[in-house]
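Ligands are counted one by one from 1 in listed order, and the atoms in each one are counted from 1 as well.
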Amino acid sequence: MENKKAFTQDLLMWYDDNARELPWRSHPTPYHVWVSEIMLQQTRVEAVKAYYQRFLKRFPSMASLALANDDELYKQWEGLGYYNRVRNMKKCAQICVEKYNGTLPATYDELLRLPGIGTYTAGAIASIAYKEVVAAVDGNVLRVFSRLLMSEDDVLKEATKKKFQSIIYEYIPSDRPDAFNQALMEIGALVCVPNAIPRCNICPLMKHCQGYKDGKAQSLPIKKAKKMRKVEKKTILICVYDKQVRLQKRASTGLLADMYEFPSLQGFYTKKQLHEKFPKAFKIKKLSRSKHLFTHIEWQMEGYMIEMGDADMSGLVNYQEMQDCYAVPSAFKEYKDALYEYWGK
Ligand code: SF4
């Protein structure tokens, strides 16, 4: 792109007319921008809206978040997944209360030193809340710029991200870094979309776009295959007794740390094997298979609803307690739904 000024002008004019009204845009304090940006990682805007409002109602400030009870915090996050995000948010809030008077520090470099804040989030907070001239480059922006520049660099590589950060920096207007970064995100969400044909015919950047000119936009960005995930097979046991179900807490470190789950067995079991394992169960019903992908692990699951013959089980909770107190990660959604159906909820 030769004419940087014209590019930026076209982008901002389009943004001024087309920006969506989103709850976190109306009053972009550092706290609001941070909460929304962390929630938006790996999660769709539509899904985040309700979580965002509810979270701010319960934790309206850095100080309230720093004092949050873990179980309650995870319950607020239930369904969003990637729980490390909210664990880091609490750690970050405690640091901000201790060192920065209950707010986020005002520079990109300081933000980057906080837990859970990477280059993209630091760029977003610094530019949107503090108007610092710095890029905020996430997967959406990488896709848009790969197409604009006809770049065949692998966007999964850190080096590509760094390269694009410094290229994009050259385009950011000093008076509106907040609008510029949000405009790029908005183009990525509404026009230069992922997993579909980019909507070049309505794109304000069409005349600047090399990918469009060469007819290659759709084949970009380049993502080289990631390492295969390790597969773990599990049998999930929904052990019910008198309108209650057994839940257990996961270990306090590692995957889904401190969350609640249904008990499980490693590997797949047949109904017959489970009857041998639970001789007092009077009914065992097979549920559907399901799968959940984590960054490096894939869970393949088979579930069974086991009606226990006696109450000899620890960790029994009822429907209301599950609703109010225990965060069960979305990896178990299939089985949670089956349980609610069984309970008639
Ligand atoms: Fe994306 Fe097409 Fe716009 Fe280029 S012209 S930025 S490929 S939507």
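- By the criterion of a separation under 2.8 Å, the protein N/O/S atoms near atom 2 (Fe) of ligand 1 amount to Cys200 SG.
- With respect to the salt-bridge test (charged N to carboxylate O, under 4.0 angstrom), the residues Glu158 and Lys162 do not qualify.
- By the salt bridge (Lys or Arg N to Asp or Glu O under 4.0 Å) test, Glu37 pairs with no residue at all, sequence neighbours left out.
- Residue pairs meeting the salt bridge (charged side-chain N to carboxylate O under 4.0 Å, His left out) criterion with at least one member in residues 174-190, sequence neighbours excluded: Asp16-Arg176, Arg20-Glu186, Arg25-Glu186, Lys131-Asp178.
- Between Glu261 and Lys234 there is no salt bridge, since no side-chain nitrogen of the basic residue lies less than 4.0 Å from a carboxylate oxygen of the acidic one.
- The pair Lys75-Asp71 does not count as a salt bridge, with every side-chain nitrogen at least 4.0 angstrom from each carboxylate oxygen.
- Under the rule for a salt bridge (Lys or Arg N to Asp or Glu O under 4.0 Å), the partners of Lys207 that lie at least two apart in sequence or sit in another chain are Asp10.
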